[in-house]
Amino acid sequence: MPASPPTASKSPCPQPLLGQKLLDWYDRHHRDLPWRTTPAAHAKGERADPYRVWLSEIMLQQTTVEAVKAYFRKFTERWPTITELSAADPDDIMKAWAGLGYYSRARNLKKCADLVVAAHQGKFPESEAALKALPGIGDYTAAAIASIAFDIPAAVVDGNVERVISRVFTVETPLPAAKPEIRELVAATMPEARAGDFAQAMMDLGATICTPKRPVCLHCPLRDDCLALRQTDPERYPLKAPKKERPSRQGAAFVAQRSDGAVLLRKRPSSGLLAEMAEVPTTAWTAKQDGDTSTNSAPFAAAWRFSGQVKHVFTHFELRLDVYHASVPDMVIQNGWWTPITEIHEEALPTVMKKAIEAAIPSATKRSIKQA
DNA sequence: CAGGCGTGGAG
DNA sequence: TCTCCAAGCCT
């Protein structure tokens, strides 16, 4: 009699059994999230609203579930359908997105909504390829919408899936080079039915059990199949290419305040960092270049007084801003506008700018103080 | 295809 | 304080 099946060899043909185990786990342990419909509802033939799936997936790109929840509620209450979103003022969309980061997502959101309304009669196209052709929708998001909204079998690969798969199959190739290999393994693991539930099950498993640090392998539905666990060190996976160090930049920000308290703002250029967002005047710092930290580059001469220093970390560099404040007379400003201090929180201000204003005018950006 | 592109929370 | 990172996309 031949010996039992080969042990820890890396199977070139993963068992679809894994997929079923994962679905069984998902039926009992899925997270309830505002943009989701339940497995039970799917079993009755109900699907999630593609608009809500799309909106949530865009917001969730490189962003935590907790951070997204409030924004998702705000957007769906204000713009319940893609038609209404398409009809919105782009500046209102930027204001509503302010604080969530990666602002090209918000600009593409509007472009995508316009395209779906104009070219697709307000309905999202029901294929991966057609979805991927839309602005802001890449490999991951196209597969996610296709599977979750339309139940199309698509290999959904995000950071969670990369982690789960690389552990279960001990993928030794470092990311991002391992992506194609991981995609193949996902495709081979996918069950034939319940594409959307499977995708969300993989992501839930990665988010709650197969976490980056201290995974809870004892509760994992795949613990008997996981090669990394068998090797005793799941945290070793996924292997990643070494990261580069983050450079440091500096500049100055100028908070000008009129006698009635209004603050001078202007709009950033339409491309590059924080494109089309609002800002207080600053020196010309960029991701690659420092700006002046003195008052030499102030927007106009005034009694600028140093308010303090603000530190902010972007993905690819960190910024230290010297913040100056001045009380100034009424004046007309080109390329800018005055915003009452009580309405400052409604502007499309990125977090770094809120920090700068806060340094110059304590409590200015705190919504709760405004009626005082 | 490597680099540009935000933010806030966890450890 | 510092490091890592969370459901990536675009050029």
Side-chain angles (χ1 to χ4, degrees), chain A residues 31 33-36 48 52-72 94 97-109 111-112 131-149 154-164 175-177 179-180 186 196 198-208 210-214 235 238 240-249 268-277 279 286-289 311-319 348-355:
Chain A
R31 291 178 292 176
L33 299 171
W35 45 86
R36 274 191 182 173
R52 293 165 67 88
V53 174
W54 164 71
L55 180 61
S56 67
E57 290 301 340
I58 300 297
M59 288 183 166
L60 286 161
Q61 289 167 6
Q62 298 290 285
T63 308
T64 57
V65 165
E66 280 313 305
V68 164
K69 284 180 180 172
Y71 284 86
F72 181 80
M94 299 310 289
W97 196 277
L100 200 53
Y102 285 136
Y103 299 100
S104 67
R105 292 184 295 174
R107 297 190 297 276
N108 283 333
L109 199 70
K111 287 186 199 165
C112 185
L131 286 165
K132 202 188 156 183
L134 295 168
I137 298 182
D139 285 333
Y140 162 75
T141 306
I145 297 173
S147 63
I148 297 170
V156 174
V157 182
D158 74 330
N160 289 304
V161 177
E162 287 171 351
R163 187 168 56 254
V164 171
L175 288 168
K179 267 224 157 191
V186 171
F198 176 75
Q200 293 177 96
M202 289 283 283
M203 295 191 278
D204 276 18
L205 189 72
T208 64
C210 196
T211 48
K213 290 165 217 165
R214 299 177 57 84
E235 278 190 46
K240 292 190 176 180
K243 45 234 159 241
K244 293 165 186 173
E245 68 178 273
R246 186 165 14 224
S248 184
R249 298 292 170 219
R268 291 181 56 83
S270 58
S271 65
L273 188 72
L274 306 175
E276 292 180 37
M277 299 295 284
E279 67 173 2
T286 70
K288 300 203 146 185
Q289 181 188 322
K311 275 183 279 191
H312 190 76
V313 180
F314 296 95
T315 305
H316 49 302
F317 70 103
E318 80 171 34
L319 178 67
L349 286 166
T351 298
V352 61
M353 292 303 158
K354 287 183 180 167
K355 285 187 190 174

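Below, chains carry the letters A, B, ... as their sequence lines are ordered, and counting in each starts from 1.
- One donor-acceptor pair, N or O on each side, does fall under 3.5 Å between the base of dG6(B) and the side chain of Thr63(A).
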Identify each atom pair where a protein N or O and an N or O of nucleotides 9-11 of chain B are less than 3.5 Å apart, giving names and distance.
none

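- Nucleotides dA6(C) and dC5(B) have their C1' atoms positioned 15 Å apart, rounded to a whole Å.
- Scanning for side-chain contact (heavy atoms from CB on, under 4.5 Å) contacts around Thr286(A) gives Lys288(A), Gln289(A), with sequence neighbours left out.
- Nucleic acid contact for Gly206(A): none, since no nucleic acid atom lies under 4.0 Å from a heavy atom of the residue.
- The NE2-P distance, from His312(A) to dG6(B), rounds to 9 Å in whole Å.
- Residue contacts shown for Leu319(A) are absent, as no nucleic acid heavy atom lies under 4.0 Å away.
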Identify the pairs formed between an N or O of the protein and an N or O of nucleotides 1-5 of chain B at a distance under 3.5 Å, and give each distance.
residue	atom	partner	partner atom	Å
dG3(B)	OP1	Lys244(A)	NZ	2.9
dG3(B)	OP2	Lys244(A)	NZ	2.3
dC5(B)	OP1	Leu273(A)	N	3.1
dC5(B)	OP2	His316(A)	NE2	2.8

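- The residue Arg246(A) sits apart from the nucleic acid: no heavy atom pair falls under 4.0 Å.
- Leu109(A) places its CG atom 13 Å from the P atom of dC10(C), with the value rounded to the nearest Å.
- The side chain of Arg105(A) places no N or O atom within less than 4.0 Å of a non-bridging phosphate oxygen (OP1 or OP2) of dG6(B).
- Proximity of Gln61(A) to the phosphate of dG8(C): no side-chain N or O atom is located under 4.0 Å from OP1 or OP2.
- Using a 4.0 Å heavy-atom criterion, one finds that Arg107(A) contacts no nucleic acid atom at all.
- Ala98(A) meets the side-chain contact (heavy atoms from CB on, under 4.5 Å) test with Met277(A); sequence neighbours excluded.
- With sequence neighbours excluded, no residue satisfies side-chain hydrogen bond (donor to acceptor under 3.5 Å, both in side chains) with Arg246(A).
- Glu235(A) and Arg214(A) make their closest contact through OE2-N, 3.0 Å (heavy atoms, listed as atom of the first residue, atom of the second, distance).
- When rounded to the nearest whole Å, the span between CG of Leu60(A) and P of dG6(B) equals 18 Å.
- Atom NZ of Lys243(A) is separated from atom P of dC2(C) by 17 Å (rounded to the nearest Å).
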Which donor-acceptor pairs under 3.5 Å do the side chains of residues 59-66 of chain A make with protein atoms, sequence neighbours left out?
residue	atom	partner	partner atom	Å
Gln61(A)	NE2	Gly136(A)	O	3.4
Gln61(A)	NE2	Thr141(A)	OG1	3.0
Thr63(A)	OG1	Met59(A)	O	3.3
Thr63(A)	OG1	Gln61(A)	O	2.8
Thr63(A)	OG1	Arg105(A)	NH1	3.0
Thr63(A)	OG1	Arg105(A)	NH2	3.4
Thr64(A)	OG1	Ala67(A)	N	3.4
Glu66(A)	OE2	Lys69(A)	NZ	2.9

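- The side-chain hydrogen bond (donor to acceptor under 3.5 Å, both in side chains) search around Tyr140(A) returns Glu57(A), not counting sequence neighbours.
- As rounded to whole Å, 7 Å separates atom C1' of dG6(B) from atom CZ of Phe314(A).
- Of the C1' atoms belonging to dC1(B) and dC10(C), the separation is 12 Å, rounded to the nearest Å.
- Take Tyr103(A) and apply the side-chain hydrogen bond (donor to acceptor under 3.5 Å, both in side chains) test, not counting sequence neighbours, and it matches no residue.
- Within 4.0 Å of Trp35(A), counting heavy atoms only, lies at least one base atom of the nucleic acid.
- Sorted by first and then second residue, the salt bridge (charged side-chain N to carboxylate O under 4.0 Å, His left out) pairs involving residues 136-145 of chain A (not counting sequence neighbours) are Lys132(A)-Asp139(A).
- A perpendicular orientation is assigned to the rings of Phe314(A) and His312(A), their planes being inclined by more than 60° (bins at 30° and 60°).
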